[in-house]
Amino acid sequence: MLGDFMVRATLAGVGVAVAAAPLGSFVVWRRMAYFGDATAHAAILGVALSLAFSMSIFVGAVVVALAMALLVSSLTGRGYAMDTLLGVLAHSALAFGLVAVSFLSGIRIDLMSYLFGDILAVSREDLAVIWGGAALVVALIVWRWSALLTATLNEDLAHASGVDPRREQLILTLALAITVAVAIKVVGVLLIAAMLIIPAAAARPLARTPESMALIAAAIGVLAAIVGLRGSYLLDTPSGPTIVCAAAIAFAATSLFRRRGA
């Protein structure tokens with residue numbers, strides 16, 4: 001069954017959606033959209049370092065994305081506005097990554113596949129990494145759901161409940177770094193933030209509880225992956241951007257539903 005490239009591509013898209021959509025709910029609730037974008041941009045530097053040192057791209061992307069997220073967290077509140085700090089670090093990491101890639105001699109690299117994804121080239125090994133990472137992210141979220149939600153709602157309430165908000169932020173940062181690393185092959189570093197944010201934003205008008213929002217976001221993400229992949233096959237369009245377009249259409253539909261219900 002896994003010999004069919006479309007089957008592998010579909011499984012890869014579903015795996016990324018399962019990890020990204022529920023995590024995206026926390027990104028939306030915490031207003032961390034730019035934070036997720038900055039972490040994704042940093043991943044291209046991880047790709048360059050992985051190729052330079054002949055190690056797993058997944059490992060390199062996770063390490064650099066996590067380092068970026070921890071750096072942003074440590075520098076927050078030290079004289080720079082958060083959006084300024086994220087803008088400087090995100091675009092600097094992307095630029096350094098692109099420059100580093102240009103110095104790699106003797107290594108053939110399709111840079112566009114890392115920027116916008118190449119889901120049709122997903123291998124069995126890639127599938128194992130994607131679903132392993134997705135399982136780890138989902139396990140982290142389920143394990144820390146109550147604490148993460150409490151820390152998201154109110155830090156004072158979290159302290160009163162015995163929850164350390166900084167620890168929960170670190171767990172969320174780790175989950176974000178893993179998601180970025182597994183999504184590179186599917187949608188690329190420039191579109192990862194879209195798969196984090198759009199399904200969660202589309203789920204918001206339909207949800208009555210945080211749990212239902214996470215589940216609906218996952219369903220929308222999976223549907224966008226399947227429909228987008230099918231659409232790219234029929235229309236001969238880039239797969240990663242087409243998946244994001246499908247998610248954007250879902251967002252437009254649920255926004256219209258909210259307006260009619262208001």
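- Within the 4.5 Å cutoff, side-chain heavy atoms of L149 are placed close to those of W29.
- Using a 4.5 Å cut-off on side-chain heavy atoms (C-beta onward), L49 and V64 make contact.
- Under a hydrophobic-cluster definition in which Ile, Leu, Val, Met, Phe, Trp and Tyr are linked whenever side-chain heavy atoms come within less than 4.5 Å, directly or via other members, M6 and V222 are assigned to the same cluster.
- The two residues A183 and I192 come nearest to each other via the heavy atoms CB-CG1, 3.8 Å.
- Scanning both residues, S161 and T150, for their nearest heavy atoms gives OG-CG2, 4.3 Å.
- L89 and L98 fall within the same hydrophobic cluster, defined by Ile, Leu, Val, Met, Phe, Trp and Tyr side-chain heavy atoms under 4.5 Å apart, directly or through other members.
- In this structure, CZ in R166 is found 13.0 Å from CD1 in I171, a value given to the nearest 0.5 Å.
- The closest side-chain heavy-atom distance from L196 to L176 is below 4.5 Å.
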For residues 12-20, which side-chain N or O atoms pair as donor and acceptor with protein atoms under 3.5 Å away, sequence neighbours left out?
none

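- Both L23 and V138 sit in one connected hydrophobic cluster of ILVMFWY residues. Membership requires side-chain heavy atoms under 4.5 Å apart, directly or through other members.
- Just one of T179, V187, V186 meets the side chain to side chain contact (heavy atoms under 4.5 Å, CB included) condition when paired with M195; it is V187.
- The line from NE2 of H91 to CG of L94 is 8.0 Å long, rounded to the nearest 0.5 Å.
- Proximity of L172 to T152: side-chain heavy atoms (C-beta onward) are nowhere separated by under 4.5 Å.
- Residue F58 forms a side chain to side chain contact (heavy atoms under 4.5 Å, CB included) with just one option from V129, V47, D126, I130, and that option is V129.
- Across all non-hydrogen atoms, the minimal contact from S50 to G60 is OG-CA, 3.1 Å.
- To the nearest 0.5 Å, atom OG1 of residue T10 and atom CG of residue L229 are 4.5 Å apart.
- Side-chain contact between F251 and R204 is absent, with no heavy-atom pair separated by less than 4.5 Å.
- Residues I216 and I220 form a side-chain contact, since some pair of their non-hydrogen atoms from C-beta on lies under 4.5 Å apart.
- F26 and V163 fall into different hydrophobic clusters, where Ile, Leu, Val, Met, Phe, Trp and Tyr side chains are chained together by heavy-atom contacts under 4.5 Å.
- For the pair T173 and L66, the minimum side-chain heavy-atom distance is below 4.5 Å.
- Between A43 and I184, the closest heavy-atom pair is CB-CD1, 3.8 Å.
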For this session: Check the pair I243 / I119 against side chain to side chain contact (heavy atoms under 4.5 Å, CB included), numbers first and verdict last.
Result: CA-CA 10 Å; I243 290 172; I119 191 173; 4.1 Å; yes
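- Hydrophobic clustering keeps I44 apart from F96 (ILVMFWY residues linked when any side-chain heavy atoms are closer than 4.5 Å, directly or through intermediates).
- Annotation for R167: atom CZ counts as buried by contact number, over 12 foreign heavy atoms lying within 6.0 Å.
- Here the closest heavy-atom approach between residue T237 and residue G231 is recorded as OG1-O, 4.2 Å.
- Rounded to the nearest 0.5 Å, atoms CG (L11) and CG (L127) are 5.5 Å apart.
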For this session: Show your working on side chain to side chain contact (heavy atoms under 4.5 Å, CB included) between L140 and L174 and close with a plain yes or no.
Result: CA-CA 9 Å; L140 279 172; L174 176 60; 4.2 Å; yes
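- Sorted by first and then second residue, the salt bridge (Lys or Arg N to Asp or Glu O under 4.0 Å) pairs with a member in residues 139-154 read R144-E168; sequence neighbours excluded.
- Contact of the P241 side chain with the L191 side chain is registered, since non-hydrogen atoms from C-beta on lie closer than 4.5 Å.
- The distance from atom CG of L148 to atom CG of L153, rounded to the nearest 0.5 Å, is 11.0 Å.
- Nearest approach of A194 to V244, heavy atoms of both residues: CB-CG1, 3.7 Å.
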